[in-house]
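In what follows, a structure is listed as C-alpha cells, so that the remarks can point back to it.
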Amino acid sequence: MSMIFGVPLAVLSGQLLIGIINGAFYALLSLGLAVIFGLLKIINFAHGAMYMLGAMATVLMFDYLGVNYWAALLLAPLLVGAFGVAIEYFLLRRIAGQDHIYSLLLTFGVALIISGVLVNWFGVSGLRYTMPDVFKGGVNLGFMFMPYYRAWVIVAALVVCFATWFVIEKTKLGAYLRAGTEDSELMQGFGINVPLLISLTYGFGVALAAFAGVLAAPIYSVTPVMGSATLITVFAVVVIGGMGSIGGAIITGILMGVIEGLTKTFYPPASSAVIFLVMVLVLMFRPSGLFGKEA
Amino acid sequence: MTMMKKLLTSAVASAMMASGAQAAISNDTVKIGYLADMSGTYRDLAGPNGLKALEMAIADFGGQVNGAKIEVVSADDRNSPDTSSSTVRRWVENEDVDLVAGMVASSVSIAVSKILEENDRLGIISGSAASSITNEHCTPNHIHYVYDTYPLANGTASAVVKEGGKTWYMLTADYAFGHALEGDVTRVVEANGGEIVGAVRHPFPTQDFSSFILQAQASGADVIGLANAGADTTNAITTASEFGVTQSGQTLAALLLFLTDVHALGAETAQGIQLTTGWYWDMNDDTREWSDRFMEETGVRPTMVHAGIYSSAMQYLKAVEATGSDDAQTVRKQMMDTPINDMFAKNGKIRVDGRMVHDMYLAEVKTPAESKNEWDLYKILRTIPAEESYRPLSESKCKLVNN
C-alpha cells in the first residue's frame with residue numbers, strides 16, 4: 001500500500017473526505033455568523049445556542065408531536081428563526097448603533113440563559129434521536145466506509161450555503177439588504193422597511209444555525225451544552241475567512257474541516273488547537289482575513 | 001502535630017465511649033456538605049439527583065441522629081479544583097461542615113481531600129474514577145466508595161480479552177483520567193495475553209469522532225477500547241455504530257459508562273456493549289425497592305453513584321449514631337469496623353486506605369428486543385468478587401498502608 005508520511009493513502013483519502021464533511025458543518029455555521037455580522041454588525045454569541053436549539057427542537061418535536069426528520073428540516077429552522085426575530089425585536093434593536101461589545105455581551109447572556117434553562121429540564125446526558133431509516137447503513141468506497149447520512153450532510157449543507165450566497169450577492173433582495181444596512185435612512189426614503197429587513201436577516205442567520213442543528217441531531221449527542229464548544233471554533237473560522245465575507249466563510253469552513261481532519265491523523269492532540277493556530281497566523285499576516293476586504 | 005491531635009482525639013473519644021458518657025456532636029448539629037457538578041458534563045450521573053439521594057438518607061434517619069439535627073448544604077463544583085477548594089475551605093473553617101459528600105471529577109476530589117486532611121474533617125467520594133485517590137493520594141480523611149479505574153479495567157478488559165479480543169486500539173481522552181484508565185487497561189490486556197496495537201489521544205471534549213473511528217477501523221484491531229467518559233464516550237459509540245464498526249467484526253469496549261449514558265444512547269445503539277459497574281438498579285428486591293423510591297423523587301432511575309451516595313450517607317450516619325460523635329477519625333474508624341450490608345453492597349468493607357471494596361459486576365447492554373422499558377438496559381453477566389476487583393493492599397502506595 002502506498003504511504004504518505006507513514007500514513008496509508010487509503011486512510012488519508014478517508015480522512016480528507018471526513019474533513020470535508022465536518023467542513024460542511026463549519027461552513028453552514030460560520031455562514032450564519034458571517035451574514036449576521038456582515039449585514040448587521042452584530043457579533044452573535046448566541047449562535048451556538050441556536051444550533052443547539054435546532055437539534056433540540058428536532059428531537060423534541062419528534063418525541064412529543066411525531067414530527068419526522070424531513071419536516072424538522074424545515075420546521076426547526078423556522079421556529080428558531082422566529083425566536084431569533086423576537087430576540088432582535090425585543091432586545092438587540094434597543095442597543096443598535098452602540099459599540100460591538102454590547103451586542104456581544106447581550107447575545108452571550110441570552111445563550112447562557114437558554115442553555116441553563118434547558119440543562120435544568122433535560123440534563124446533559126443527551127437526548128436520543130434515531131437516524132431516519134432511509135439513511136441507515138452506508139457504502140464501502142474501498143478506502144473507507146461512507147455512511148449514507150454523511151453524504152447527505154455534504155449535499156444539504158453545500159446546497160443551502162450556495163443558495164444563501166446567491167440570494168445575498170446576486171439577487172435584488174440581497175441588494176436591498178446590503179444597501180439597507182449601508183445607509184438605512186436613504187433606503188427607508190425609497191420605501192423599504194429597513195427594521196423589518198434587519199429582523200428578518202437576524203432570523204435567517206440563526207435559522208441557518210438551527211438547520212445545522214437538525215443535520216447534527218442524528219449523529220452527535222444532542223445536549224443543551226453542545227453549542228458552546230462548537231461556537232468558539234466557528235468564530236475562529238469566521239475570523240480566518242474575514243469577518244462578514246459570505247463566500248469566504250463557506251470556503252474557509254470547508255478548508256478548516258480538512259486541516260482539522262489531517263491533524264487528527266498526523267497528530268491528534270493538536271486537533272482542537274490547529275484552527276486557532278491558523279487564526280493566529282492569519283491575524284498576523286492578513287488581519288482582515290483570507291477573504292476580507294482591507295479595512 | 002496533626003497526627004498527635006488525631007490520636008488524642010480518638011483516644012478521648014474511645015475513653016468517653018467506654019465510660020458510657022455521651023460523646024459530643026459539635027454544635028448539636030451534623031452538617032453535610034454536598035459537592036458535585038450541578039450543571040456541567042458530569043451533572044446527570046450525580047448532580048442534583050445525588051443531593052436527593054443524600055436527602056433520602058437523612059429523611060430515613062428522621063432528620064436527626066442522637067438528638068442532633070442533620071443539616072445539608074450544597075454547592076456546584078463546576079468541575080474546578082480551585083472553585084471546589086475555596087468552597088470546602090469555607091465549609092470546614094467557617095460553617096462547621098462535618099462531612100463532604102458527592103464529588104465527581106477526580107481532580108476535584110484530590111484537591112478537596114487535602115483540605116479535609118488539613119482540617120481533620122471527613123469526605124466520602126462517590127463519583128470519581130481515578131484509582132490514585134486511595135493510592136498515592138490517600139489521606140486518613142477520605143473514603144472512596146463506589147468504583148475506580150482499577151476494577152473498570154479488570155472487569156471489562158479481562159472479560160473482553162478472554163472472549164478472544166486479543167488486539168486492542170485505544171481511544172483515550174487526553175487528560176489525567178484518560179491516561180490513568182489507559183494505563184490500567186494496558187496492564188490488564190497484556191496480563192491476559194492480549195496486545196495494544198495502537199492508541200490515539202483525543203482532545204477533551206471531542207464532538208466528532210469519525211476521524212478517530214476511521215483510524216481505529218484501519219488498524220484492524222479486534223477491540224476498540226474507549227478510555228473516556230460522558231459525552232465523549234456516547235459520541236464515540238454513536239459514530240462507531242454509524243460507521244459500521246460492529247458489522248465489520250470489531251468489538252467496542254467502553255471502560256466507563258454510566259446508566260445515564262446508556263439511557264441517552266438507547267438499547268438500539270448501545271446493545272451488546274460490555275461494561276463494569278458497581279451497582280445496577282434492577283439486581284434484586286432491595287435494589288428495585290430503593291430505586292422505586294428514588295424514581296418517585298426524581299423521575300429517573302439511579303446510577304451507581306446515586307445509590308452510593310445514599311448508602312455511604314447511611315453508613316456515616318449509623319457510625320455517628322453508634323459513637324455519638326461527629327469527630328472525623330472516630331466516625332471513620334467506626335465506618336471501617338462495620339461491614340456494609342444494604343441495597344448497595346453485600347459485605348462491603350472500607351479498608352485502611354479509604355477504599356470501600358465490594359463486589360463489582362460485568363454487565364452487557366440489552367438488545368431492544370430484550371429491553372422491556374427505557375431503563376431496562378443491563379443484563380449482569382458476572383459478579384466480580386470484591387477481592388478480585390480492587391487493587392490489593394500489597395500493591396498499594398498509600399502512606400497509611402505499611403508495605
Side-chain angles (χ1 to χ4, degrees), chain A residues 7-8 10-12 14-15 17-19 21-22 25 115-116 119-120 122-131 135-140 143-150 216 218-226 228-230 233 257 260-265 267-274, chain B residues 37-45 47-49 171-172 174-175 199-215 217-219 230-239 241-245 247-248 258-270 300 303 368 374:
Chain A
V7 175
V11 174
L12 203 60
Q15 297 295 348
L17 195 52
I18 295 271
I21 299 170
N22 288 338
F25 264 106
S115 67
V119 163
N120 254 336
F122 300 107
V124 296
S125 298
L127 304 176
R128 210 184 290 174
Y129 189 74
T130 316
M131 171 109 40
F135 289 124
K136 284 202 174 125
V139 53
N140 199 331
F143 56 91
M144 72 174 279
F145 178 88
M146 176 76 166
Y148 293 132
Y149 190 79
R150 302 272 170 163
I219 47 173
Y220 298 139
S221 80
V222 179
T223 78
V225 292
M226 69 190 286
S228 47
T230 317
T233 316
E260 194 185 53
L262 291 179
T263 317
K264 279 178 175 167
T265 316
Y267 188 62
S271 58
S272 59
V274 68
Chain B
D37 177 1
M38 302 294 254
S39 56
T41 333
Y42 300 136
R43 173 187 182 273
D44 292 356
L45 65 96
N49 290 339
L171 294 187
T172 304
D174 197 11
Y175 67 109
V200 56
R201 299 224 160 140
H202 68 78
F204 166 74
T206 292
Q207 178 170 267
D208 189 80
F209 274 87
S210 47
S211 172
F212 301 128
I213 291 292
L214 215 59
Q215 293 178 48
Q217 281 180 312
S219 76
D232 281 346
T233 312
T234 51
N235 270 324
I237 292 171
T238 314
T239 307
S241 130
E242 193 197 351
F243 280 76
V245 160
Q247 286 95 307
S248 64
F258 293 96
L259 185 70
T260 37
D261 299 326
V262 177
H263 180 253
L265 287 165
E268 171 85 40
T269 312
V300 296
T303 63
E374 61 169 330

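Each chain gets a letter, A, B and so on, in the order its sequence line appears, and its residues count up from 1.
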Looking at A/S125, is its backbone amide N or carbonyl O close enough to the side chain of B/D44 to form a donor-acceptor pair, meaning the two atoms are under 3.5 Å apart? yes

Name the region of [X], side chain, backbone, both or neither, that has any atom closer than 4.5 Å to a heavy atom of chain A.
X: B/L265; answer: backbone
X: B/T238; answer: side chain
X: B/D174; answer: side chain

Highest number of heavy-atom pairs under 4.5 Å with chain A: which of [options]?
options: B/S211, B/P203, B/A218, B/S248; value: B/S211
options: B/V200, B/D208, B/N235, B/L214; value: B/D208
options: B/Q215, B/Q207, B/R201; value: B/Q207

Turns out that what part of A/M131 lies under 4.5 Å from chain B's heavy atoms comes down to side chain

Side chain from CB out, backbone as N, CA, C, O: work out which of these in A/P224 comes under 4.5 Å of a heavy atom of chain B, or both, or neither. neither

Of the listed A/S221, A/A216, A/G126, A/S115, the one with the largest count of heavy-atom pairs under 4.5 Å with chain B is A/S221

Among A/T230, A/V225, A/V119, who wins on heavy-atom pairs under 4.5 Å with chain B? A/V119

Residue set satisfying ring pair (Phe, Tyr, Trp, His ring centres under 6.0 Å) with B/Y42, at least two apart, ordered chain then number -> none

When you look at OH of A/Y267, are more than 12 heavy atoms from neighbouring residues, nucleotides or ligands closer to it than 6.0 Å? no

Mind checking the CG-CG spacing from A/N22 to A/L17? Nearest 0.5 Å is all I need. 10.0 Å

Find the distance between OG1 (B/T172) and CZ (B/F212) and round it off to the nearest 0.5 Å. 11.0 Å

Any residue meeting side chain to side chain contact (heavy atoms under 4.5 Å, CB included) with B/T239, in chain and number order, not counting sequence neighbours: A/R150, B/F209, B/S210, B/I213, B/F243

In short, A/V274 meets A/E260 closest at the heavy-atom pair CG1-CA, 4.0 Å

